[in-house]
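Read the structure below first, then the notes.
Every chain is numbered from 1 and lettered A, B, ... according to where its sequence line falls, protein lines coming before strand lines.
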Amino acid sequence: MTDIDKPINFIQQIINADLESGRVTDVVTRFPPEPNGYLHIGHAKSICLNFGLASQYNGQCNLRFDDTNPEKEDQAFVDAIIKDVRWLGYDWQGEPCYASNYFDQLYLWAVTLIKENRAYVCELDAQQMREFRGTLTEAGVNSPFRDRPAEESLALLEKMRIGLADEGSMTLRAKIDMASANINLRDPVLYRIKKMAHQRTGDKWNIYPSYDFAHGQEDAIEGVTHSICTLEFAANRPLYEWFTANLPLPSIPRQYEFGRLKLNYTITSKRKLKQLVDEKHVSGWDDPRMPTISGLRRRGVSARSIRNFCDSLAVAKTDGIVDVAQFEHFVRDDLNISAKRAMCVLKPLLVTLTNFSGQEQVKIEAKNHPNRDDMGSRVINFSEQFYIDQADFSEDTSLSRKKFKRLVIGDYVRLRSAFIVRADDVVKNAAGDIVEVIASLVPNTVGQDAPEGIKARGVIHWVDAVSAVDCAVNIYDRLFNQADPDQGDQHFLEHLNPDSLKVVTGCKAEAILEGSIAGDHYQFEREGYFTRDTSDAASPVFNCTIGLRDNWKA
RNA sequence: UGGGGCGUGGCCAAGCGGUUAAGGCAACGGGUUUUGAUCCCGUCAUCGGAGGUUCGAUCCCUCCCGCCCCAGCCA
């Protein structure tokens, strides 16, 4: 389906109506991560949505850090997020925005609310506040500090600000309705004391605004027209609108919620991903098994495939769980078109030709892509000895040609891009393992059909023994072996797949792979898509992004 | 339990009172192929349930059932 006939989602419908009615003249969105972890595939959906909408409507999308809680945030996360958003292919005007840039203004607005008798400093402690809040079915009780004079609250807020009040001793609260059926409206906290330096404002503040008091106002300051967030914030919308109605904001943004992306066999909770990292269940935020943008990148997933996948997702209010197979489809779909082909033998089995007459090595020209001549070709050495995969050879001559399209003693097989060869004999070691195959090539079969009477069982990949590059390959499987590892909260670690990483050493790659770099995508023919790992040193290490589809039943 | 949101094939979904109920993923058949890949054909639903309104309902109303979110000085 092309973009043209792709049905528009409910947010686009709203934007169209807003544009038509004149409610807005330009579209401004924002992607507002809290820098308390790395971005993951779930964020990618939001990034593509927000930046995508801005570009569709010729508007603007701000990257804005919602850095209102220094306790959990870090500059390193800010840096990683910027890198990931850029890598995904998006950019923004000027410097990124930060909630912390608006702390002065936010404070002034807090003062305004107090003066207008819409906020007060409350000295209930956390425990008491919880008790006074009531429950889902019972109304809350007004704080005894609710009706104190504005002057008193003003003085107390100042005290909080300059660090004269202890953490937890008091908060600034909005005066709304302790009996509201919406618990978010039961006098929510606007400011809390955190005597802690902030990565950007240093020790200027001893108090920090809450999400609710900050988010909509940040949107208003930036002129955001459509503030798109996930479903769990729907209950916060009335509060968002309360600020918008009671504060002298420069613009009136509106919040809309859509269903966040969930994938089966995958965790998309920053808290849990952080736990995997902190407890060393993975090597880091960019471990290729992680659903983080940096992990996917290191794994070899292309930015384009992530974007294509996100664009295929519905923007709606249903919270479904997408099958990872759908994501994998887009990974293969892009790599199939864009990745150069190369050959690498994972489990080498040496083959020696008995009739290789050439004194010199033969040069084979191999296409870099079967359906794309624009990707050119490369020259591969072909000599007396080469490697094939152990799985591509069998001594069992009773295997049918239909069932085993590989090399069998006495039968023929096509070496990809090269000759047709016949297996004649095997050499075994003392343990009885096959260590070498003795074969003979059929002359003049490079780029030519098989001569009369000879029919290759199939096509297998190979690597020339003289020019082979030693390498290792990381094969990944899903990190969790349960479709919903997130279920049960505490126990997701119990669903970790112990076999999620298999390191295969002693692999043989064709010469050209020696010069590959991380970020180059290759299809190792008949195996899958691979990219060079960022951490390899001496000999190359390749990460398997994803295997080729494998439809045949053994 | 109060409030808010959601229920269309195995999965994601379009549909906005009259449609043969889009499309993608998966699956299953078949064709092409120097990758058992790609590509190409084909198969695969009566819309959570029950009432009601209407000439006509997946789309409107009522009730019921199920799932998700909210009782952080997290976001």
Looking at A:Q523 and B:U35, is any side-chain donor or acceptor paired with a base atom of the opposite kind under 3.5 Å?
yes
Classify the side chain of A:R406 and the base of B:G36 as holding, or not holding, a donor-acceptor pair under 3.5 Å.
yes
Of the listed nucleotides [options], the one nearest the side chain of [X]:
X: A:R130; options: B:A75, B:A37, B:A71; value: B:A71
X: A:D125; options: B:C73, B:A75, B:C11; value: B:C73
X: A:N184; options: B:C70, B:C6, B:C25; value: B:C70
X: A:R133; options: B:A75, B:A26, B:C73; value: B:C73
X: A:N551; options: B:G2, B:A37, B:C25; value: B:A37
X: A:R341; options: B:A37, B:C74, B:A13; value: B:A37
X: A:Y211; options: B:A71, B:C16, B:A75; value: B:A75
X: A:R549; options: B:A37, B:A22, B:A75; value: B:A37
X: A:D323; options: B:C11, B:U35, B:G2; value: B:C11
X: A:L136; options: B:C73, B:U1, B:A75; value: B:U1

Pairing partner (Watson-Crick or G-U wobble, both distances under 3.5 angstrom) of [N]:
N: B:A75; result: none
N: B:G7; result: B:C65
N: B:G2; result: B:C70
N: B:U35; result: none
N: B:U58; result: none

Separation of atom [atom1] in [X] from atom [atom2] in [N], rounded to whole Å:
X: A:E328; N: B:C12; atom1: CD; atom2: P; result: 16 Å
X: A:N182; N: B:A71; atom1: CG; atom2: P; result: 10 Å
X: A:H329; N: B:G24; atom1: NE2; atom2: C1'; result: 7 Å
X: A:N69; N: B:C73; atom1: CG; atom2: C1'; result: 10 Å
X: A:K45; N: B:C12; atom1: NZ; atom2: P; result: 11 Å
X: A:H369; N: B:U35; atom1: NE2; atom2: P; result: 12 Å
X: A:F309; N: B:C12; atom1: CZ; atom2: P; result: 12 Å
X: A:D333; N: B:A37; atom1: CG; atom2: P; result: 16 Å

Pair A:Y256 + A:F10: ring centers closer than 6.0 Å
no
Just checking A:F382 against A:F419, ring centres under 6.0 Å apart?
yes
Rounding to an integer number of angstrom, what distance separates [N] and [M] when you compare their [atom1] atoms?
N: B:G24; M: B:C16; atom1: C1'; result: 22 Å
N: B:G4; M: B:U62; atom1: P; result: 14 Å
N: B:C59; M: B:U19; atom1: P; result: 14 Å
N: B:C40; M: B:G23; atom1: P; result: 15 Å
N: B:G51; M: B:C70; atom1: P; result: 36 Å
N: B:C65; M: B:G48; atom1: C1'; result: 7 Å
N: B:U58; M: B:A50; atom1: P; result: 12 Å
N: B:U20; M: B:A57; atom1: P; result: 15 Å

Looking at every strand, decide which applies to [X] at a 4.0 Å heavy-atom threshold: base, sugar-phosphate, or nothing.
X: A:Q127; result: nothing
X: A:K270; result: nothing
X: A:Y191; result: nothing
X: A:L548; result: base
X: A:L261; result: nothing
X: A:L313; result: nothing
X: A:N236; result: base
X: A:K402; result: base
X: A:G259; result: nothing

For B:G29, decide between syn and anti, treating a glycosidic angle within 90° of 0 as syn.
anti
Distance check: side-chain N/O of A:T318 vs OP1/OP2 of B:A13, anything under 4.0 Å?
yes
Looking at A:R173, I'd like to know whether one of its side-chain N or O atoms comes within less than 4.0 Å of OP1 or OP2 on B:C73.
no
Do A:D389 and A:H461 have a side chain donor and acceptor closer than 3.5 Å?
no
Is the closest basic N to carboxylate O distance between [X] and [Y] below 4.0 Å?
X: A:E167; Y: A:K194; value: no
X: A:E365; Y: A:R378; value: no
X: A:D219; Y: A:R254; value: no

Toward the 5' end of RNA chain B, by each residue's nearest nucleotide, A:D66 or A:I8:
A:I8
RNA chain B nearest-nucleotide lookup for A:P370 and A:A126: closer to the 5′ end is A:P370
